[in-house]
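These notes are about the structure you will find just below.
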Amino acid sequence: MNRLFARNALLPEGWRKDVLIEWDADGTIVRAEAGAVLPAGEQVVAQIVEYALPGMINLHSHSFQRALGGRTEKAGDTKDSFWTWRDLMYRFARNITPEHIEAIAAQLFSECLRHGYTSMCEFHYVQRAADGAMYPRPAETAERVIAAARLAGIGMTMLPVLYSYSGFGESALKPEQKRFKTDPQDVLRVIEALEPLRDAQTEVGVAPHSLRAASVAQINEVLLTLPDDRPVHIHIAEQKQEVQQSLDWSGRRPVQWLLDQVEVNERWCLIHATHLMRDEVDQMAQSGAVAGLCPTTEANLGDGLFPLEDFLAAGGRFGIGSDSHISQSAVEELRWLEYGQRLQHQRRNIAVSAGQRNVGDFLWQGALQGGAQASGRPVGALAPGRRADVIVLDDQHPNLYGLALDEVLGSFVFCGNDNLVKDVMVGGRWVVRNQQHVAQQAIAARFKQTLAELREFR
């Protein structure tokens with residue numbers, strides 16, 4: 001039996017002392033017991049750590065965009081926005097190959113692991129070759145991302161994207177979107193091709209790109225075939241212009257339209273959902289869907305601020321993602337989720353509940369629960385039946401010195417810029433040791449070569 005003994009561990013009920021965690025050969029936790037005592041002879045069998053946390057779930061990723069980071073921070077001749085950034089992203093995506101996709105994803109995943117993520121949800125829409133033709137293997141590029149996840153050792157929820165139109169009202173795709181084109185049958189073929197890859201570390205769901213890019217009829221067609229327990233993610237109400245386009249076309253706002261036309265429930269994750277009216281906030285919370293929030297990307301693209309306080313008051317569930325990957329840090333996403341609310345409301349300590357007044361604890365635990373739900377995988381808790389996904393904090397770092405247990409996550413999330421994640425385990429296997437990924441050099445070499453090749457097309 002594999003064992004880890006944590007002097008302090010974050011269990012579902014909160015921080016507990018002297019926690020013995022055991023997992024089986026498949027990487028599933030079979031025991032997480034507080035107040036445990038290791039017999040003297042067993043101390044050499046179990047690794048002993050000071051602080052153990054469940055690994056965070058990154059519920060929204062476009063992994064290929066990692067190679068675009070930092071290259072769009074130059075003003076154009078007109079006022080820049082999400083839409084001008086999107087044009088740059090399209091140009092970048094023109095020349096990327098399946099080999100590039102795999103190399104970039106592996107680099108991203110190794111970085112995410114080193115910063116506390118142990119699971120990814122890949123919103124995957126580069127499905128076709130550069131000329132717009134489907135690859136001989138319809139799931140070619142999705143398979144590449146899964147291969148990268150397995151190389152890096154991170155958990156994966158693959159979400160092939162339904163992407164048929166350029167705007168509301170079934171507008172034809174633009175030439176620069178031809179690599180993304182899929183109809184319901186295309187997506188279902190990709191999902192079917194990925195079935196043999198599903199295992200304890202890999203799940204497959206679906207992602208209608210948005211109500212701009214997929215019709216309600218198409219979404220329902222896919223859902224009729226997709227098993228009921230698979231996750232469904234969608235971009236929605238990210239930009240004010242998108243909301244206005246929805247109103248002009250349908251007379252309803254995007255979230256209103258979706259909730260009226262589709263059965264949205266706990267399997268759904270609504271990505272961004274930035275611009276909501278109060279009734280939409282309440283209805284979204286009541287549906288049980290997760291709000292997929294990506295604060296660093298939403299700030300980078302000028303999206304706006306999600307109405308977190310009202311959503312939490314309505315009982316809403318949330319998780320975090322790094323989206324375009326200008327940051328690979330779970331801490332940074334959570335920090336800016338709270339800081340955005342403080343700036344908006346001009347108050348402090350907003351993300352709390354009646355039962356949890358510590359902001360760091362509330363954010364970490366809330367994002368774990370919402371992320372696990374959105375991933376469709378048994379993750380997000382140090383508990384029997386969940387995956388043995390554990391991050392170990394650096395107890396020698398000054399930021400953690402002399403703290404009470406209920407101050408640890410507050411310091412981890414809000415104090416300084418050093419990475420306090422020391423070791424990371426995924427599915428019972430150590431993939432980060434002393435802040436170094438086990439395949440870091442080889443992965444980085446492939447990534448650098450990919451950047452050199454892509455630079456030729458700029």
Side-chain angles (χ1 to χ4, degrees), residues 4-11 15 19 21 27 29 47-59 61 66 106-120 149 152-155 295-296 319-322 325-338 358-361 363-368 371-372 375 379-382 386-401 403 405 407-441 443-444:
L4 178 71
F5 186 82
R7 293 190 176 93
N8 304 285
L10 186 67
L11 300 184
W15 283 104
V19 176
I21 302 168
I29 296 173
Q47 179 175 342
I48 301 175
V49 302
E50 189 69 26
Y51 299 112
L53 309 174
M56 184 53 66
I57 301 92
N58 187 324
L59 57 60
S61 164
R66 166 65 183 86
Q107 175 67 21
L108 168 70
F109 298 157
S110 71
E111 293 168 343
C112 286
L113 284 163
R114 288 190 284 116
H115 287 87
Y117 290 115
T118 52
S119 299
M120 304 292 294
I154 202 164
T296 60
I320 56 166
S322 54
H325 308 299
I326 54 165
S327 172
Q328 297 84 45
S329 168
V331 161
E332 189 168 10
E333 299 299 337
L334 292 174
R335 182 181 296 185
W336 281 103
L337 178 57
E338 169 70 14
N358 294 308
V359 181
D361 294 65
L363 287 170
W364 194 268
Q365 291 173 310
L368 286 174
S375 76
V379 294
L382 302 181
R386 304 294 185 102
R387 300 297 291 163
D389 294 353
V390 184
I391 65 173
V392 176
L393 301 185
D394 181 5
D395 62 283
Q396 297 303 305
H397 195 282
N399 286 0
L400 298 180
Y401 179 76
L403 297 181
L405 264 183
E407 297 171 326
V408 169
L409 280 170
S411 183
F412 178 43
V413 173
F414 291 106
C415 184
N417 293 308
D418 289 349
N419 181 15
L420 302 189
V421 177
K422 180 182 178 184
D423 301 318
V424 179
M425 174 193 296
V426 182
R429 182 169 71 93
W430 293 106
V431 293
V432 174
R433 286 295 207 179
N434 293 315
Q435 299 188 332
Q436 295 293 305
H437 187 272
V438 293
Q440 189 165 324
Q441 292 184 350
I443 287 172

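Given the structure is predicted, the values throughout are model-derived calculations rather than measurements. One is the number of the first residue; the rest follow in order along the sequence. Values below: every heavy atom of this structure, side chains too, minus hydrogens, waters and symmetry copies.
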Measuring only between side-chain heavy atoms, which start at C-beta, is [X] closer than 4.5 Å to [Y]?
| X | Y | answer |
| --- | --- | --- |
| W15 | D361 | yes |
| L10 | Q365 | yes |
| M120 | L108 | yes |
| V431 | I154 | no |

So, for [X] and [Y], which heavy atoms are closest and what is the spacing to 0.1 Å?
| X | Y | answer |
| --- | --- | --- |
| Q328 | H325 | NE2-O, 2.7 Å |
| S119 | D389 | OG-OD2, 3.8 Å |
| N58 | G321 | OD1-CA, 3.2 Å |
| G371 | L59 | CA-CD2, 4.2 Å |
| L400 | D394 | CD1-O, 3.4 Å |
| H437 | R114 | N-CD, 3.7 Å |

Evaluation steps, side-chain contact (heavy atoms from CB on, under 4.5 Å), between V424 and Y117: CA-CA 9 Å; V424 179; Y117 290 115; over 6 Å; no

Please list every donor-acceptor pair under 3.5 Å in which a side-chain atom of residues 408-418 meets a protein atom from a residue at least two apart or in another chain.
residue, atom, partner, partner atom, Å
S411, OG, N399, O, 2.7
D418, OD2, H397, NE2, 2.8

W336, CH2: over 12 other non-hydrogen atoms inside 6.0 angstrom: no

Looking only at atom types and distance, does a side-chain atom of [X] sit under 3.5 Å from a main-chain N or O of [Y], one as donor and one as acceptor?
| X | Y | value |
| --- | --- | --- |
| Q435 | V432 | no |
| E50 | R7 | no |
| D423 | N434 | yes |

Please round to the nearest 0.5 Å and tell me the distance separating atom [atom1] of [X] and atom [atom2] of [Y].
| X | Y | atom1 | atom2 | value |
| --- | --- | --- | --- | --- |
| S322 | E111 | OG | CD | 10.0 Å |
| T296 | I320 | OG1 | CD1 | 9.0 Å |
| I391 | T118 | CD1 | OG1 | 7.5 Å |

Distance-only side-chain donor-acceptor flag, E332 / S327, under 3.5 Å: yes

